[in-house]
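Here is the structure we will look at, set down as C-alpha cells.
The analysis underlying the following values was restricted to heavy atoms, covering all of them including side chains, and did not include hydrogens, waters or symmetry mates. Quick caveat: nothing in here was measured; it's all calculated off a predicted structure. In what follows, residues are counted from 1 in the order of the sequence shown.
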Amino acid sequence: MALHEGRMAMRLESTPELEAFRKRVRAFVAEHAPGVKKHAGVRAPEPALMPAIREWTAKLYEAGFLGIDWPKEYGGRPDAHPLEPFVVAEEIARARTWPPVGAAALASAALIDFGSDEQRARFLPRIRTCADVWCQLFSEPGAGSDLAALRTRARREGEGDEAVYVVDGQKVWTTNGQYADMGYLLARTDPDAPRHRGITAFALDMRSPGVDIRPLREITGTTDFNEVFLDGVRIPAAHVIGEVNAGWRVAMSSLGHERSGVAARGVELFAALDDLLRLAEGTSVGGRPALDDSATRQDIGELATRVYVNAAMTALAQSRTLHGTEEPADAPFGKIFFSELNHDLVAFGLRLQGTDGLLTEGDPDVAADGWWQDAHLYARAYTIAGGANEVLRTQIAERGLGLPREPRGRAGEGRG
C-alpha cells in the first residue's frame, strides 16, 4: 500500500458520509481528469491543454465538487460537510492531475462576501462554466510579502453610470496571467491614506486596452508567472468589489478562504515520499544499494517522520475549522512547515542521484524524466508564495504568541 493511501485513514475527523463522498470524487476524477500534471507545484499548463482544463473545471463545478460553499442560488450546497472541499483537493492531488487553473476560488470568495448582486449574477455563473479564468493581480515588484506597499494607482473619472477608474501600475508573479480572462486587482485609490487603507479591489477585464501581459521565463525553463503592465486601463466603477478604499479587508477575507489547497499539499508530500523510496530502491550509494546504507535510511526516516507530522498538522487545522477554533498561527505554521519540508525532500531526492542529478528533463538517462530536478528548482517558490516564510515567522510571533511587534518598516504584512 502506498504511503499516501495510509494517510487517508489517519484523518482526525471523518464520517461514513464523507467517505462515500470521497469515493464518488475519486471515481469522477478517474473518469474525467485531463491527464497527469507533469511538473510539481502551481504551474501554468501548455496552451494546448487549456481547453481540456477549462472543460474539466466546468465538469467539477457541474458535479458539485467545486463551489461547494457558495450560496445555493449560485450552485453551492450549504448543507454539505465542511470538509468536502478538502476531500476534493486531496483526490485531485492523489491522482496527480490538474487542479482548476487560475484564481477563481479567490475571486469568487471576494464576490460572494463583498460583491453586489449584479456582480455575483454576472461573474459567478461564468466561473462555474469556466468561461472566465481569473488571475490574481496583487503582488508588485516592491510589494510582494509586504502587500500594503503596493503602488498601482486608480483614479476616478466621471460620475454616475459613466464613472470609471483609470489604472496605472505594474503587477508581477501573476500565475496563469497569460490565460486569464478576468483579473482580481488591488490598486491604491487614496495615496494619502494609511498603508492598509486607501486600497480598492476591482474586477478587471484582462482584454481591456492598456493591459500588457508579459510571461516570465523561470529557472525551471517554463513560464508559469507573468508581469502585467497597466497603462491608463479604464475599469467601470461598477466593477469595484466592496467599498472604495476598503480593498485590504476584501483581500484578507478572500485569502482566508484558501484552505483546501493545504490538504492537497499533504497528499503531494506522501506521493513524493513514495517516489523517493522507489528512487532509493534503484540507486547505489558507495557501490551498494542506497537502502542498505545506514545514513540514507536515517535521512529517509527523518523525512518520512516530518511528512506524517505535516499530515497531523493539516488534520488538526481541519478539525479546528470544523469547530470554529482556528488560531491565527495555524495557516503560517502549516505553510512554513510544508514549504521547507517539500524543499528538503526533493533536495534529498536530487542528492541521492549523485552526478546523475545534473541531468535534466528530456535526457534519456534522467530519473523520473527530470521530475526531481524540476521540483527542486521550483521548491523555493513555495517558501515565498503566500507570504515569505520570514514574514510569516514574524506573524506567528506577533499574532500567535503575542510577542512585541516589529518596528514599523521591518516586518511586512500581506502576501505575494
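Other residues, nucleotides and ligands contribute over 12 non-hydrogen atoms within 6.0 Å of the CG atom of Leu401. Other residues, nucleotides and ligands contribute over 12 non-hydrogen atoms within 6.0 Å of the CZ atom of Arg77. Atom CD of Glu46 is surrounded by 12 or fewer heavy atoms from other residues, nucleotides or ligands within 6.0 Å. Few gaps surround CD on Glu218; more than 12 heavy atoms of other groups in view lie less than 6.0 Å from it. Annotation for Arg151: atom CZ does not count as buried by contact number, only 12 or fewer foreign heavy atoms lying within 6.0 Å.
Between the side chain of Gln178 and the main chain of Ala44, no donor-acceptor pair closer than 3.5 Å is present. Under the 3.5 Å distance criterion, the side-chain polar atoms of Ser116 are matched with a main-chain donor or acceptor of Gln119. In this structure, the side chain of Asp363 does not engage the main chain of Thr360 through any donor-acceptor pair within 3.5 Å. A donor-acceptor pair under 3.5 Å is formed between the side chain of Lys335 and the backbone N or O of Ala385. The closest donor-acceptor contact from the side chain of His323 to the backbone of Thr325 lies at 3.5 Å or more, if one exists at all. Listed for the Asn176 side chain is no donor-acceptor partner under 3.5 Å among the backbone atoms of Tyr179. In this structure, the side chain of Arg96 engages the main chain of Ala271 through a donor-acceptor pair within 3.5 Å. Although no hydrogens or angles enter the test, the distance criterion places a donor-acceptor pair under 3.5 Å between the side chain of Arg297 and the main chain of Asp292. Of the possible donor and acceptor atoms, one in the side chain of Thr15 sits under 3.5 Å from a partner among the backbone N and O of Leu18. In this structure, Ser339 contributes its side chain and Ile336 its backbone to a donor-acceptor pair below 3.5 Å.
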Inset, instruction - With side chain to side chain contact (heavy atoms under 4.5 Å, CB included) as the test, would you mind laying out the steps for Val172 and Phe225 before giving the verdict? - result: CA-CA 8 Å; Val172 75; Phe225 306 116; over 6 Å; no

Legend entry - Phe348 vs Thr296, side chain to side chain contact (heavy atoms under 4.5 Å, CB included): CA-CA, chis, key distance, verdict: CA-CA 10 Å; Phe348 182 77; Thr296 300; 4.1 Å; yes

Inset, instruction - Evaluate salt bridge (Lys or Arg N to Asp or Glu O under 4.0 Å) for Asp374 paired with Arg43, printing each intermediate quantity in order. - result: CA-CA 11 Å; Asp374 178 83; Arg43 311 298 282 273; 2.8 Å; yes

Inset, instruction - Apply side-chain hydrogen bond (donor to acceptor under 3.5 Å, both in side chains) to the pair Asp113 and Ser254, showing each step before the final yes or no. - result: CA-CA 8 Å; Asp113 290 345; Ser254 59; over 6 Å; no

Inset, instruction - Take Arg393 and Glu340 through the test salt bridge (Lys or Arg N to Asp or Glu O under 4.0 Å) and record every step on the way to the result. - result: CA-CA 13 Å; Arg393 283 185 166 88; Glu340 296 182 356; 2.9 Å; yes

Inset, instruction - Go through the steps to decide whether Asn226 and Lys171 satisfy the test side-chain hydrogen bond (donor to acceptor under 3.5 Å, both in side chains), and finish with yes or no. - result: CA-CA 8 Å; Asn226 302 264; Lys171 298 293 180 176; over 6 Å; no

Inset, instruction - Start with the C-alpha gap between Val309 and Leu341, add the side-chain angles, then the distance that decides, and say whether side chain to side chain contact (heavy atoms under 4.5 Å, CB included) holds. - result: CA-CA 10 Å; Val309 169; Leu341 169 55; over 6 Å; no

Legend entry - Residue pair Thr152, Glu140: steps toward the side-chain hydrogen bond (donor to acceptor under 3.5 Å, both in side chains) verdict: CA-CA 8 Å; Thr152 293; Glu140 299 183 5; 2.8 Å; yes

Inset, instruction - Please assess His81 against Glu17 for the test side chain to side chain contact (heavy atoms under 4.5 Å, CB included), listing each intermediate value before the final yes or no. - result: CA-CA 9 Å; His81 193 288; Glu17 292 78 14; over 6 Å; no

Inset, instruction - Test salt bridge (Lys or Arg N to Asp or Glu O under 4.0 Å) on Arg54 and Asp132 and set out the steps. - result: CA-CA 9 Å; Arg54 283 181 185 261; Asp132 289 338; over 6 Å; no

Inset, instruction - Show your working on salt bridge (Lys or Arg N to Asp or Glu O under 4.0 Å) between Arg249 and Glu243 and close with a plain yes or no. - result: CA-CA 10 Å; Arg249 179 174 174 233; Glu243 298 179 4; 5.9 Å; no

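Contact annotation: the side chain of Val101 approaches that of Pro45 to within less than 4.5 Å [non-hydrogen atoms, C-beta and beyond]. Asp299 has its side chain out of reach of Leu352: every pair of non-hydrogen atoms, C-beta onward, lies at least 4.5 Å apart. When side chains are defined from C-beta on, Val29 counts as touching Trp56, because their heavy atoms get closer than 4.5 Å. With a 4.5 Å cut-off on side-chain heavy atoms, Thr314 and Phe338 do not count as touching. Under the 4.5 Å side-chain criterion, counting only non-hydrogen atoms from C-beta, Cys130 is not in contact with Tyr61. Side-chain atoms of Ile112 and Leu124, non-hydrogen and from C-beta on, do get closer than 4.5 Å to each other.
One finds the OG1 atom of Thr57 at 7.0 Å from the CG atom of Leu66 (value rounded to the nearest 0.5 Å). Here the CZ atom belonging to Arg265 is positioned 10.0 Å from the CG atom belonging to Asn310, to the nearest 0.5 angstrom. Separation of atoms NZ (Lys37) and CG (Leu49) is listed at 11.5 Å; rounding is to 0.5 Å. Here the straight-line distance linking atom CG of Leu273 with atom CZ of Arg278 works out to 10.0 Å at 0.5 Å rounding. The structure places CH2 of Trp248 at 8.0 Å from CG of Leu150, a figure rounded to the nearest 0.5 Å. Here the CD1-CZ distance, from Ile92 to Phe65, works out to 10.0 Å after rounding to the nearest 0.5 Å.
At a threshold of 4.0 Å, the pair Asp212-Arg214 counts as salt-bridged, since one of the basic side-chain nitrogens sits closer than that to a carboxylate oxygen. Looking at Glu302 and Arg306, a side-chain N of the basic residue comes within less than 4.0 Å of a carboxylate O on the acidic one, giving a salt bridge. Looking at Glu398 and Arg405, a side-chain N of the basic residue comes within less than 4.0 Å of a carboxylate O on the acidic one, giving a salt bridge. Ion pairing between a basic and an acidic side chain is recognised when a charged N comes within 4.0 Å of a carboxylate O; Glu62 and Arg128 show no such pairing. Between Arg94 and Glu268 there is no salt bridge, since no side-chain nitrogen of the basic residue lies less than 4.0 Å from a carboxylate oxygen of the acidic one. The pair Asp369-Lys38 meets the salt-bridge criterion, since a charged nitrogen lies less than 4.0 angstrom from a carboxylate oxygen.
The aromatic rings of His343 and His376 lie tilted to each other, with the angle between the two planes from 30° to 60°. Tyr378 and Tyr382 have perpendicular rings, their planes meeting at more than 60° on a 0 to 90° scale where under 30° would count as parallel.
Counted by atom type alone, Thr189 and Asn245 present one or more donor-acceptor pairs between their side chains at under 3.5 Å. Judged purely by distance below 3.5 Å, without hydrogens or angles, the side chains of His39 and Glu361 pair a donor atom with an acceptor atom.
With Tyr74 as the aromatic partner, Arg120 does not meet the cation-pi criteria of under 6.0 angstrom to the ring centre and within 45 degrees of the ring axis.
Of all non-hydrogen atoms in Ile68 and Ala80, the two that sit nearest each other are CG2-CB, 3.6 Å.
Aromatic ring centres of Phe123 and Trp134 lie closer together than 6.0 Å. Side-chain rings of Tyr184 and Phe138 approach one another, their centers coming within less than 6.0 Å.
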